[in-house]
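Chain letters run A, B, ... following the sequence lines, proteins first and then strands; every chain starts at 1.
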There are 2 protein chains.
Amino acid sequence: MEDEVDRLLEAWRRERPDLDVTPMEVLSRVSRLARHLDRARSQAFETHGLESWEFDVLAALRRAGSPYQLSPGKLLKETLVTSGTMTNRVDRLTARGLVERLPDPGDRRGVLVQLTDAGRDAVDAAMADLLTHERQLLAAISGRDQARIAHLLRELVRPFDLEKH
Amino acid sequence: MEDEVDRLLEAWRRERPDLDVTPMEVLSRVSRLARHLDRARSQAFETHGLESWEFDVLAALRRAGSPYQLSPGKLLKETLVTSGTMTNRVDRLTARGLVERLPDPGDRRGVLVQLTDAGRDAVDAAMADLLTHERQLLAAISGRDQARIAHLLRELVRPFDLEKH
DNA sequence: AGGATTTATCTTGACGTCGAGATACTTTAG
DNA sequence: CTAAAGTATCTCGACGTCAAGATAAATCCT
């Protein structure tokens, strides 16, 4: 059965028969699937009144474990955004009562961002919902194939993980 | 060998042992790989003085085949952006001399965006370079595995392709 | 200890995108 | 033939991000 990428590549092969476009069989599908996943994620979070970027921050704090505190610096490493963006995000999450800023007791330059009870409840509910939706998306392929694809994707991602010391 | 996603999931399993996070073994890696690919793409295009969004528009026109014309409406369906964004993109590409706007002979509401010779040269060179880089990224897995992963990704993307009429 | 460097966070301005609305033209229905 | 509905594109204001720079505090080195 055909998909959009098959049509895309058919057009390229017609227009540029000199090029070997097979790499796009994999990588265009990765990009497109990721775009669709973003939309699906946004929808799943809408139910819980969360934006994707809000979930990203709250989830990083939730994963850190009790007492759910991280510095803005750690948060921006986890979420791959810049410092200006993180300041802005923490501002807005604070305004919504989902996190609070505490002075870092050990470093007066520093700040700790901590999940509030409301923040923890929100991220826990959203996470459960997200996984339910993701499970449905993956139902298109068998559990064995899911394990295979996970393994191959790990190989493809590894070089990038290594880059950042 | 471990990757960032393994560490991520380990944290979630510690904090939320009640949740089955295996869907993220696949889908988190898809999202992360897509993010890395975006960066790699930007770098590949930098050599040719193109931004990613510029390539997206030029490539859609190039794929359409001679005379390399598409309406803004078709372009925004191809590139998945909104109409305001496409107007802005075409404005800037016109200013750079990579495309030009022509009146649609068959519909006086309409406009046709056409690749200039410079635009065609730019997109052809960038495309060749992009594929070279992508081939290197995929060298981490065998050709047989590339075909396998392409097939599985097609299965995962299909439901989304069907959505839009 | 004292000065230089590094680290942590915040501030600011530019940029690209979105989405709602405006405008102009075309198609359909009566 | 005209009015209403539909379609194609552009305009504009709000938003989130980035990147460079500013500020403040900690650490390193002699």
Side-chain angles (χ1 to χ4, degrees), chain A residues 31 34-35 38-39 41-43 45-46 49-58 60-61 64 69-96 98-114 164-165, chain B residues 31 34-36 38-39 41-43 45-46 49-58 60-61 69-96 98-114 164-165:
Chain A
S31 292
R35 209 164 19 212
D38 275 346
R39 269 208 311 139
R41 261 167 54 105
S42 298
Q43 285 176 357
F45 295 150
E46 210 168 328
L50 286 180
E51 304 286 333
S52 286
W53 62 263
E54 293 180 305
F55 178 83
D56 287 342
V57 177
L58 299 180
L61 291 167
Q69 293 176 339
L70 287 174
S71 68
K74 295 250 187 196
L75 274 174
L76 61 90
K77 271 174 206 128
E78 289 281 328
T79 55
L80 305 176
V81 298
T82 58
S83 63
T85 299
M86 188 51 69
T87 299
N88 187 11
R89 288 183 175 189
V90 173
D91 285 350
R92 282 172 287 159
L93 285 168
T94 302
R96 288 200 51 192
L98 300 175
V99 305
E100 51 194 349
R101 255 189 266 248
L102 308 173
D104 182 335
D107 185 339
R108 263 178 301 178
R109 294 170 304 180
V111 163
L112 290 175
V113 180
Q114 181 175 46
K164 41 177 184 184
H165 47 293
Chain B
S31 293
R35 207 162 21 210
H36 292 309
D38 275 346
R39 269 208 310 140
R41 261 167 55 105
S42 300
Q43 284 176 359
F45 296 150
E46 210 167 329
L50 287 180
E51 304 286 333
S52 286
W53 63 261
E54 293 180 305
F55 178 83
D56 287 342
V57 176
L58 300 180
L61 291 168
Q69 293 177 338
L70 287 173
S71 68
K74 295 249 189 197
L75 275 174
L76 61 89
K77 269 173 207 129
E78 287 282 329
T79 56
L80 305 175
V81 298
T82 58
S83 63
T85 298
M86 188 52 68
T87 298
N88 187 12
R89 288 184 175 189
V90 173
D91 284 350
R92 283 173 286 159
L93 285 168
T94 302
R96 289 201 52 193
L98 300 175
V99 306
E100 49 193 352
R101 255 188 265 245
L102 309 173
D104 183 334
D107 185 339
R108 264 178 298 180
R109 293 169 304 179
V111 164
L112 289 176
V113 180
Q114 181 175 47
K164 39 179 182 182
H165 52 290

Which heavy atom of L75(A) sits nearest a heavy atom of A60(A), and at what distance? CD2-CB, 3.8 Å
So G73(A), base contact, sugar-phosphate only, or nothing? Heavy-atom distance under 4.0 Å. sugar-phosphate
Considering only heavy atoms from C-beta outward, does the side chain of K74(A) approach that of V113(A) to under 4.5 Å? no
Looking at R108(A), I want to see if its CZ is surrounded by more than 12 non-hydrogen atoms of other residues, nucleotides or ligands under 6.0 Å. no
Return the value, rounded to whole Å, for the distance between atom CG of L76(A) and atom C1' of dC18(D). 12 Å
Can you tell me how far P of dT17(D) sits from CH2 of W53(A), to the nearest Å? 7 Å
Is any side-chain heavy atom of D107(B) less than 4.5 Å from a side-chain heavy atom of R109(B)? yes
Gap between atoms CG and P, on D56(B) and dG16(C) respectively (whole Å): 14 Å
Would you mind reading off the distance between L80(B) atom CG and dG16(C) atom C1', rounded to a whole angstrom? 16 Å
Considering just the side-chain nitrogens and oxygens of T85(B), establish if one lies under 4.0 Å of OP1 or OP2 belonging to dG16(C). no
Taking the side chain as C-beta and beyond, is there a heavy-atom pair between R89(A) and V99(A) under 4.5 Å? no
Could you state the atom-to-atom distance from CE of M86(B) to P of dG19(C) in whole Å? 15 Å
B/S/- contact track for nucleotides 23-28 of chain D, protein heavy atom under 4.0 Å: -BBS--
Polar side-chain atom of R39(A) near backbone of R35(A) as donor-acceptor pair, under 3.5 Å: no
Which is it for L93(A) and L58(A) under the side chain to side chain contact (heavy atoms under 4.5 Å, CB included) test, yes or no, and what are the steps along the way? CA-CA 9 Å; L93(A) 285 168; L58(A) 299 180; 4.3 Å; yes
OP1 or OP2 of dG16(C) versus the side-chain N and O atoms of R92(B): is any pair under 4.0 Å? yes
dT9(C) P sits how many Å from K74(A) NZ, rounded? 10 Å
R89(B) side chain near dT17(C) phosphate (N/O to OP1/OP2, under 4.0 Å): yes
Between P of dC15(D) and CG of D91(A), the distance in whole Å: 15 Å
Please state how far atom CZ in R39(B) lies from atom C1' in dT17(D), giving the value in whole angstrom units. 16 Å
Tell me what N88(B) touches on the nucleic acid: a base, only sugar-phosphate, or nothing, going by heavy atoms under 4.0 Å. base
